Amino acid sequence: DDVESRGLGDVYKRQCFISRSIRPKIFIDEASSSGMARLHWPTTKSTWSFIFTPDGVGIYPVVRYILHKNTFYLNVKINACGNLPEPFTTEKDSLLKRTSPLLFAVIAFIVGLNLRPILASVGPLFSVLQREAGLTATQFSLLTTLPVAMMGLAALCGPWLLARVGAVRGIMFGLLILLVACLLRGFSASPASLMGTALLGGASIGTIQALMPALIKKEYTQTASTVMSLFSTGIMAGAAVAAASAEPLFSWLTLKPTLAMAGLLALLALILWLTLVKHPQGEKTAHETVPLSSSRTGLLLLFFGVGTGAYTLVLAWLPPLYIQAGWSARSSGYMLAWLTLTEVVAGFAVSALIGKFPDRRVPLITVLLLLLAGLLCLVFAPGTTPVLSTLLLGTGIGALFPLALIVTFDHARTPAQAGKLLSKVQGGGYMIAALMPLIAGIVSDSAVSLTSAWLVMSAGVILLIVIALKFKPVVKAQVR
């Protein structure tokens with residue numbers, strides 16, 4: 001068939017052999033200024049979309065990503081030296097090219113462990129922070145609201161960071177800043193210091209959460225959903241560890257060292273990242289637009305935001321709920337830890353089973369109904385049904401968080417699109433999610449029962465069920 005090249009010089013007529021591995025033999029003699037080309041088969045009146053990367057020897061490109069119809073990008077090796085045209089370039093000297101998917105999944109899980117301790121450790125210490133730091137309920141809620149809002153702002157900057165800093169380097173800087181934020185809490189526990197480190201920690205967490213999905217999408221396309229689920233499961237596992245250890249550490253070390261202990265986990269992740277993922281030179285990213293309507297992007301944003309709002313509300317205010325019901329701080333921390341461990345199990349279940357559900361609506365609606373039942377337990381039987389509410393909330397939230405990311409991920413067809421779309425969804429979504437703990441804090445300071453906050457969240461879950469019904473499977477182009 002005719003091979004029509006755009007931006008690559010003349011039209012080359014070569015016979016293309018399409019097999020399962022898709023290795024069309026295309027010989028190109030000149031470098032391209034744009035790095036883009038389109039394959040067109042006039043006899044079938046069809047145009048297919050691919051991104052190719054070199055297979056190591058010669059100039060035979062190998063398909064890397066299947067995109068959508070009517071856009072066909074090539075990323076080809078131009079000569080024996082392996083030069084690649086702009087804007088599609090590989091990460092030079094990156095050890096990711098030599099890291100197995102399993103090993104990288106473990107690394108991503110450990111990085112994820114660091115993204116919630118700075119938030120999850122404060123809930124069980126509600127009474128301590130009120131007594132020793134002089135925080136009101138509203139100020140206490142800001143220890144969750146501020147970092148979540150900063151996570152949203154950092155996520156909106158994701159494409160800019162991806163283009164100018166790169167995913168590998170950006171995640172490294174994020175871990176370093178998170179380490180600094182945790183250590184600063186070891187020197188001061190004043191309200192101003194706590195708020196400042198909350199902002200700093202939230203910015204670093206948002207940076208990592210914005211860059212990691214694009215990195216996963218780029219390097220591990222075939223297992224992206226599984227690796228992404230493990231990363232998000234690591235996030236919840238970190239919250240469980242922080243919640244369970246907060247009060248025991250306080251009894252042993254006092255407040256400031258307890259708040260700083262999260263830095264040890266950040267230090268471990270930073271060492272592993274620096275050791276196993278080498279500093280790339282000349283890391284660049286393609287600039288692409290997201291082929292989604294604003295209404296669909298808005299639905300994804302709202303879905304992620306309201307769903308994450310349930311997580312932030314429970315994370316901040318479930319321990320105080322049990323403390324006000326007469327539980328000890330340690331017991332309330334353990335209950336949050338058990339709930340978070342339930343989230344971890346649900347996250348692993350999503351990792352194992354998500355491939356069986358190309359239509360994401362089935363698992364989405366199931367977990368949303370479980371979450372709604374758990375919230376209603378807190379509304380009608382606050383503090384008296386801990387086991388049932390823990391199982392329902394943990395399963396619902398634990399499965400909903402990775403599913404929300406995966407559904408968003410499904411709408412991205414390339415790494416650049418994944419980074420840009422996720423930055424919008426996470427950026428606006430975390431802004432929405434940041435409001436729920438703040439609302440609960442204001443309600444608590446006004447001497448109104450927290451039941452009002454749980455009712456608002458229940459209405460939000462009903463809205464999510466309606467939105468989930470609109471998430472039909474994303475149809476991707478196939479080569480025949």
Side-chain angles (χ1 to χ4, degrees), residues 119-120 122-124 126-127 136-138 140-141 144-145 148 236 239-240 243 302-329 331-343 346 364-401 403-404 429 432-469:
L119 286 82
V122 299
F126 173 66
S127 300
T136 65
T138 301
F140 170 79
S141 70
T144 302
T145 292
V148 173
M236 292 179 285
L302 183 62
F303 189 87
F304 181 84
V306 176
T308 306
Y311 174 74
T312 57
L313 178 63
V314 169
L315 187 67
W317 283 102
L318 190 65
L321 172 71
Y322 287 123
I323 291 173
Q324 292 173 357
W327 292 42
S328 67
S331 297
S332 69
Y334 287 158
M335 185 54 61
L336 180 59
W338 280 115
L339 184 145
T340 310
L341 287 175
T342 306
E343 294 173 357
L364 278 174
I365 294 174
T366 300
V367 301
L368 286 170
L369 290 174
L370 294 175
L371 175 56
L372 179 60
L375 289 170
L376 292 178
C377 285
L378 299 182
V379 170
F380 296 106
T384 60
T385 56
V387 175
L388 179 61
S389 60
T390 294
L391 289 175
L392 292 172
L393 290 171
T395 304
I397 294 173
L400 181 60
F401 183 68
L403 279 172
I432 296 173
L435 295 176
M436 287 309 303
L438 182 59
I439 291 172
I442 295 172
V443 166
S444 182
D445 273 339
S446 63
V448 178
S449 171
L450 280 174
T451 299
S452 301
W454 306 123
L455 280 173
V456 170
M457 192 66 253
S458 299
V461 173
I462 294 174
L463 175 63
L464 293 184
I465 294 174
V466 175
I467 295 175
L469 293 172

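Keep in mind that this is a model prediction, so the values were computed, not measured.
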K.L.:
My understanding is that only residues two or more places apart in sequence, or in another chain, count here; which of them pass side-chain contact (heavy atoms from CB on, under 4.5 Å) with Ala459?
P.N.:
none
K.L.:
Over all heavy atoms of both residues, which pair between Ser389 and Gly374 is shortest? Give the atoms and the distance, please.
P.N.:
CB-O, 4.3 Å
K.L.:
Partners of Thr312 by side-chain contact (heavy atoms from CB on, under 4.5 Å), sequence neighbours excluded?
P.N.:
Thr144, Val148, Thr308, Ala433, Met436, Pro437
K.L.:
According to ring pair (Phe, Tyr, Trp, His ring centres under 6.0 Å), who are the partners of Trp317, at least two apart in sequence or on a separate chain?
P.N.:
Phe126, Phe140
K.L.:
Identify the heavy atoms of Ala468 and Phe303 that sit nearest to each other, and give their distance.
P.N.:
CB-CE1, 4.0 Å
K.L.:
How close do Tyr322 and Pro386 get, counting heavy atoms only, and between which atoms?
P.N.:
OH-CA, 3.6 Å
K.L.:
Does Leu370 have any side-chain contact (heavy atoms from CB on, under 4.5 Å) partners at least two apart in sequence or in another chain, and if so, which?
P.N.:
Leu392, Thr395
K.L.:
What pairs with Leu469 under side-chain contact (heavy atoms from CB on, under 4.5 Å), at least two apart in sequence or on another chain?
P.N.:
Ile365
K.L.:
Contact between Leu463 and Leu302 at the side-chain level, heavy atoms closer than 4.5 Å - yes or no?
P.N.:
yes
K.L.:
If you define the side chain from C-beta out and look only at heavy atoms, does anything of Glu343 sit under 4.5 Å from Leu393?
P.N.:
no
K.L.:
Kindly give the heavy-atom pair with the smallest separation between Pro319 and Pro124, and that separation in Å.
P.N.:
CB-N, 3.9 Å
K.L.:
Applying the side-chain contact (heavy atoms from CB on, under 4.5 Å) criterion to Leu364, which one of Ile465, Leu464, Leu400 satisfies it?
P.N.:
Leu400
K.L.:
side-chain hydrogen bond (donor to acceptor under 3.5 Å, both in side chains) with Thr138: which residues, sequence neighbours excluded?
P.N.:
Asp445
K.L.:
Does any N or O in the side chain of Ser444 come within less than 3.5 Å of the main-chain N or O of Ala440, such that one atom is a donor and the other an acceptor?
P.N.:
no
K.L.:
Taking the side chain as everything from C-beta on, heavy atoms only, tell me whether Phe401 gets closer than 4.5 Å to Val367.
P.N.:
no
K.L.:
With Trp338, which residues qualify under ring pair (Phe, Tyr, Trp, His ring centres under 6.0 Å), at least two apart?
P.N.:
none
K.L.:
For a quick test of reading the model, state the closest non-hydrogen atom pair linking Ala329 to Ser332 and the distance between them.
P.N.:
O-OG, 2.7 Å
K.L.:
Measure the shortest side-chain to side-chain distance between Val314 and Trp454 over non-hydrogen atoms and say whether it is less than 4.5 angstrom.
P.N.:
yes
K.L.:
Ser331: what forms a side-chain hydrogen bond (donor to acceptor under 3.5 Å, both in side chains) with it, not counting sequence neighbours?
P.N.:
Ser328
K.L.:
Grab the two heavy atoms, one from Ile397 and one from Ala310, that are nearest each other, plus how far apart they are.
P.N.:
CD1-O, 3.9 Å
